[in-house]
Amino acid sequence: MAIHKLIILRHGESQWNHENKFCGWIDIPLTDKGKDEAKYAGELLKQNNLSPDILYTSKLIRSIETGFIILKVLGKPWVDHIKSWRLNERHYGQYQGRDKHQVFQELGSDKEKFQFIRRDYHGTPPLIPLDENDPSIDEKYNDLLNQNILPRGESLSMVMDRLIPFFKYEIMDHQMVQLNKTVLIVTHGSVVRSLIKYLNKVSDEDISKINVPTGVPLVFELDDRGELVKPYYYLDKEKAEKGMEKVKNEGLLLK
């Protein structure tokens, strides 16, 4: 049975990551640090002899730009690149664009309440009312508008509902198993957490404990059934652990 390698990473640091804001679907570019993280991710792939045959990103510039920088470092800018809204970050509803620490204070500086919304599988931010304009929505989502399936705010459970069928049939079954391609997915924290939950069979409760750093590739080695043949791993464990600790405490402290 063949072993298939899947490379997943959260994009490099965006401007709003730097400013400690909820990004969601709002299109925010990379910082210079984020661009450097993307270059480093490409170097890590090169050092580990990982050469993607196809790139998947969300429709958000921080994901797209990170993916292109990685391919440029690898000398493979010609690799097929598929963009899908199903790989977009979780939609943070009315919290999009808000400072995380200010939201924490509005919730009475209640760590449990704040972390429930940020990290719990069913935690959902306040939705954007249907009669209000959503600043994150533009022409790239016209098809979703026409189908009336645009999110107004999402829990991680809702992210998985729109992500996992796409991942299973389009990416895993088709690209990885049928075509035997090494796939690179450059996406967002909530999507990476969703894929970790799905592929590693993490419980609804335990997924709240998983945080994802920016710009550090993690690798899944899977069989034809999509089962892990060994534990997934980060290509720079030390850098990943530092990044996870930073993400864990976002919003709880004044930046």
Is there a side-chain contact between [X] and [Y] (heavy atoms, below 4.5 Å)?
X: Lys246; Y: Asn249; result: no
X: Val219; Y: Leu6; result: no
X: Pro52; Y: Leu71; result: yes
X: Cys23; Y: Ser14; result: yes
X: Leu55; Y: Ile82; result: no
X: Ser208; Y: Gln115; result: no
X: Leu9; Y: Val216; result: no
X: Ile117; Y: Tyr95; result: yes

Among the clusters formed by ILVMFWY side chains lying less than 4.5 Å apart, do [X] and [Y] turn up in the same one?
X: Leu199; Y: Met244; value: yes
X: Ile69; Y: Leu50; value: no
X: Tyr232; Y: Val212; value: yes
X: Leu144; Y: Met158; value: no
X: Leu218; Y: Val191; value: yes

- Pairs in or reaching into residues 67-87: which pass salt bridge (charged side-chain N to carboxylate O under 4.0 Å, His left out), with residues at least two apart or in two chains? none

- Which pairs pass salt bridge (charged side-chain N to carboxylate O under 4.0 Å, His left out) with one or both residues in residues 113-126, sequence neighbours excluded?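 Sorted pair list: Arg118-Glu250.
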
- Message: Evaluate His11 against Thr214 for side-chain hydrogen bond (donor to acceptor under 3.5 Å, both in side chains), listing each step before the verdict.
- Response: CA-CA 6 Å; His11 58 79; Thr214 56; over 6 Å; no

Does a side-chain N-to-carboxylate-O contact under 4.0 Å join [X] and [Y]?
X: Arg152; Y: Asp134; result: no
X: Lys39; Y: Glu43; result: no
X: Lys209; Y: Asp206; result: yes

- Co-members of the apolar cluster containing Val229 [side chain, <4.5 Å]: Ile3

Would you be so kind as to tabulate the donor-acceptor pairs closer than 3.5 Å made by side chains of residues 175-185, with sequence neighbours excluded?
residue : atom : partner : partner atom : Å
Gln175  : OE1  : Lys181  : NZ           : 3.4
Gln175  : NE2  : Tyr56   : OH           : 3.4
Gln178  : OE1  : His174  : ND1          : 3.4
Asn180  : OD1  : His4    : ND1          : 3.1

- Message: Angle between ring planes, Phe167 versus Tyr198, binned at 30° and 60°: parallel, tilted or perpendicular?
- Response: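 Rings of Phe167 and Tyr198: perpendicular, as their planes differ by over 60°.
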
At what distance, to the nearest 0.5 angstrom, does [atom1] of [X] lie from [atom2] of [Y]?
X: Thr66; Y: His188; atom1: OG1; atom2: NE2; answer: 8.5 Å
X: Ile171; Y: Leu195; atom1: CD1; atom2: CG; answer: 7.5 Å
X: Arg10; Y: Arg193; atom1: CZ; atom2: CZ; answer: 10.5 Å
X: Asn88; Y: Thr187; atom1: CG; atom2: OG1; answer: 7.5 Å
X: Lys100; Y: Asn20; atom1: NZ; atom2: CG; answer: 5.5 Å
X: Ile196; Y: Phe220; atom1: CD1; atom2: CZ; answer: 5.0 Å

For [X] versus [Y], what's the shortest heavy-atom pair and its separation?
X: Leu74; Y: Lys46; result: CD2-N, 3.8 Å
X: His91; Y: Ser136; result: NE2-OG, 3.7 Å
X: Pro125; Y: Gly93; result: CG-N, 4.1 Å
X: Val159; Y: Ser194; result: CG1-OG, 3.7 Å
X: Lys239; Y: Tyr40; result: CD-CE2, 3.5 Å
X: Ser58; Y: Ile64; result: O-CG1, 3.6 Å

With sequence neighbours left out, write down each residue that passes side-chain hydrogen bond (donor to acceptor under 3.5 Å, both in side chains) with [X], or none if nothing qualifies.
X: Tyr233; result: Glu221
X: Asp223; result: Arg225
X: Tyr234; result: none
X: Asp110; result: none

- ring pair (Phe, Tyr, Trp, His ring centres under 6.0 Å) partner of Trp25, the single match among Tyr92, Tyr141, Trp16: Tyr141

- Assess the side chains of Thr57 and His81: does a donor N or O sit below 3.5 Å from an acceptor N or O? yes

- Message: Distance alone, cut at 3.5 Å: any donor-acceptor contact between the side chains of Glu19 and Gln15?
- Response: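 Result is yes, a qualifying pair exists.
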
- Message: Please identify which of these residues, Glu89, Arg90, Glu154, meets the side chain to side chain donor-acceptor pair (under 3.5 Å) condition with Ser190.
- Response: Glu89

- Query: Quick check: does any side chain N or O of Thr124 sit under 3.5 Å from a backbone N or O of His122, one acting as donor and the other as acceptor?
  - Reply: yes

- Message: Using the rule given for side-chain contact (heavy atoms from CB on, under 4.5 Å), can you reason through Leu127 versus Gln94, listing the C-alpha separation, both sets of side-chain angles and the distance that settles it, and then say yes or no?
- Response: CA-CA 6 Å; Leu127 304 184; Gln94 293 183 42; 5.6 Å; no

- Message: For a salt bridge (Lys or Arg N to Asp or Glu O under 4.0 Å) check, start with the C-alpha distance between Arg62 and Glu13, then their side-chain angles and the critical distance, and finish with the verdict.
- Response: CA-CA 8 Å; Arg62 56 194 187 270; Glu13 180 192 72; over 6 Å; no

- Query: More than 12 foreign heavy atoms under 6.0 Å from CG of Asn133: is that the case here?
  - Reply: no

- Message: With a sphere of 6.0 Å drawn around CG of Asn148, does it hold more than 12 non-hydrogen atoms of other residues, nucleotides or ligands?
- Response: no

- Listed by chain and number, what are the ring pair (Phe, Tyr, Trp, His ring centres under 6.0 Å) partners of Phe68, not counting sequence neighbours? none

In chain order, what residues pass the side-chain contact (heavy atoms from CB on, under 4.5 Å) check against [X], with sequence neighbours excluded?
X: Tyr121; value: Leu156, Ser157, Met160, Lys197, Asp204, Ile207
X: Asn142; value: Glu139, Leu145
X: Asp27; value: Leu60, Ile61, Lys140

